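Input: a single structure, listed below in structure tokens.
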Amino acid sequence: MKIATWNVNSLKVRLPHLLDWLNAVDLDVIALQEIKTLDDGFPSAELAAAGYRAVSNGQKTYNGVALLARGELRDVVRDMDGFADDQKRVIAATINGVRFVSVYVVNGQSVGSDKYAYKLRFLDALHDYLAGELDRHPLLAVGGDFNIAPTPQDSHDPAIWEGGVLCSGPERAGLNRLLALGLHDAFRLFPQAANSFTWWDYRQAAFSRNLGLRIDHWLLSTPLAAHARSAHVDLAPRRLERPSDHAPLIVDLMPGV
DNA sequence: ATGGTTGCCGTGCAA
């Protein structure tokens with residue numbers, strides 16, 4: 001089973017890229033973030049024609065997440081129970097016996113800002129939410145834009161990024177608390193090239209200079225991580241004209257999970 | 001040099 005997570009930065013704008021990519025890469029499950037569209041405007045027919053069912057938790061202009069699958073999506077849950085939030089950042093569904101979560105973690109703007117405080121609260125809520133999901137679903141895969149680079153090697157220049165938003169201690173502590181639940185950063189289960197990133201700022205030709213961060217992740221529960229056979233960033237969609245600022249992260253799981 | 005790029009029913013704001 002091949003799974004991917006991709007922050008598309010507007011599903012409307014990126015739909016041609018997404019459809020071409022789905023055609024080129026044989027994926028079973030895709031977690032999308034920043035779809036920036038209401039469920040009403042969701043391109044279900046186009047995706048169905050490409051062979052995918054979809055569920056979404058959409059919002060106008062900002063945020064919004066979705067899950068696509070070749071198979072049936074069961075027990076769909078939107079948002080985190082008990083965390084009051086107008087922003088649509090979480091959706092979960094069970095596919096082929098595996099529980100999937102697509103999450104768009106708060107960006108946080110800058111350390112010490114109100115949005116940063118909201119990010120830390122969101123991470124706390126995500127911790128409690130995923131603890132519950134793990135209790136119910138031993139096979140759990142959480143994919144998304146976490147807006148956190150786990151270590152200094154996950155930014156192109158620690159001198160610039162360390163301590164700032166996306167690379168600060170409290171954010172990393174929040175991510176490490178998720179891992180301490182028994183989740184594993186799928187990308188680091190395998191040897192990877194240095195300077196592997198998933199996001200590059202649109203400005204200053206950051207992508208062509210590989211000035212990026214690794215902030216998109218698949219977190220796998222221990223029984224699921226045991227079935228992972230590879231993980232890689234797919235740079236092809238980021239190279240296209242008018243791309244998302246993120247590249248997809250693909251994880252291959254052995255059949256029969 | 002406090003810039004720069006993208007997407008949004010927007011004309012500033014969030015990323």
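Naming: A, B, ... by sequence-line order, numbering from 1 per chain. None of the values given here were measured: they were computed from a predicted structure.
Between A:K60 and B:dC9 there is no side-chain polar atom (N or O) within less than 4.0 angstrom of OP1 or OP2. OP1 or OP2 of B:dT6 has not a single side-chain nitrogen or oxygen of A:S10 nearer than 4.0 Å.
Rounded to whole Å, the C1' atom of B:dT11 lies 26 Å from the corresponding atom of B:dA1. B:dG10 and B:dT5: their P atoms are spaced 24 Å apart (whole Å). Between the C1' atoms of B:dC8 and B:dG3, the separation comes to 22 Å (whole Å). Between the P atoms of B:dA14 and B:dC9, the separation comes to 16 Å (whole Å).
At most 12 non-hydrogen atoms from other residues, nucleotides or ligands lie less than 6.0 angstrom from CG of A:D86.
Looking at A:T198, A:T5, A:N7 one by one, the single match for side-chain hydrogen bond (donor to acceptor under 3.5 Å, both in side chains) with A:D216 turns out to be A:T198.
When rounded to the nearest whole Å, the span between CZ of A:R203 and C1' of B:dA1 equals 15 Å. Going from atom OH of A:Y62 over to atom P of B:dC8 covers 11 Å, rounded to whole Å. The CD atom of A:E34 sits 10 Å away from the P atom of B:dC8 (whole-angstrom rounding). The distance from atom CH2 of A:W199 to atom C1' of B:dG7 is 15 Å, rounded to the nearest whole Å. For the pair A:N9 CG and B:dA14 C1', the computed distance is 10 Å after rounding to whole Å. The nearest whole Å value for the distance from the CD atom in A:E241 to the P atom in B:dT5 is 15 Å. Rounded to whole Å, the distance from CG on A:L166 to C1' on B:dA14 is 13 Å. What separates CD of A:Q204 from C1' of B:dG4 is a distance of 5 Å, to the nearest Å.
For A:V13, the side-chain atoms get nearest to B:dG7 when compared with the rest of B:dA14, B:dG7, B:dT5. Here the side chain of A:T61 is nearest to one of B:dA14, B:dT5, B:dC8, namely B:dC8.
Residue A:F207 is classed as having no contact, given no heavy-atom separation below 4.0 Å to the nucleic acid.
Mapping A:D245 and A:L11 onto DNA chain B by nearest heavy atom places A:L11 at the nucleotide closer to the 5' end. With the nearest nucleotide of DNA chain B identified for both A:R14 and A:D145, A:R14 has the one nearer the 5' end.
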Residues A:T94, A:R99; criterion side-chain hydrogen bond (donor to acceptor under 3.5 Å, both in side chains); working and verdict: CA-CA 4 Å; A:T94 302; A:R99 189 66 170 169; 2.9 Å; yes
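The CG atom of A:L183 sits 7.0 Å away from atom OG of A:S221, with the distance rounded to the nearest 0.5 Å.
Taking the six-membered ring where tryptophan is involved, the planes of A:H217 and A:F146 are tilted, since the angle between them lies from 30° to 60°.
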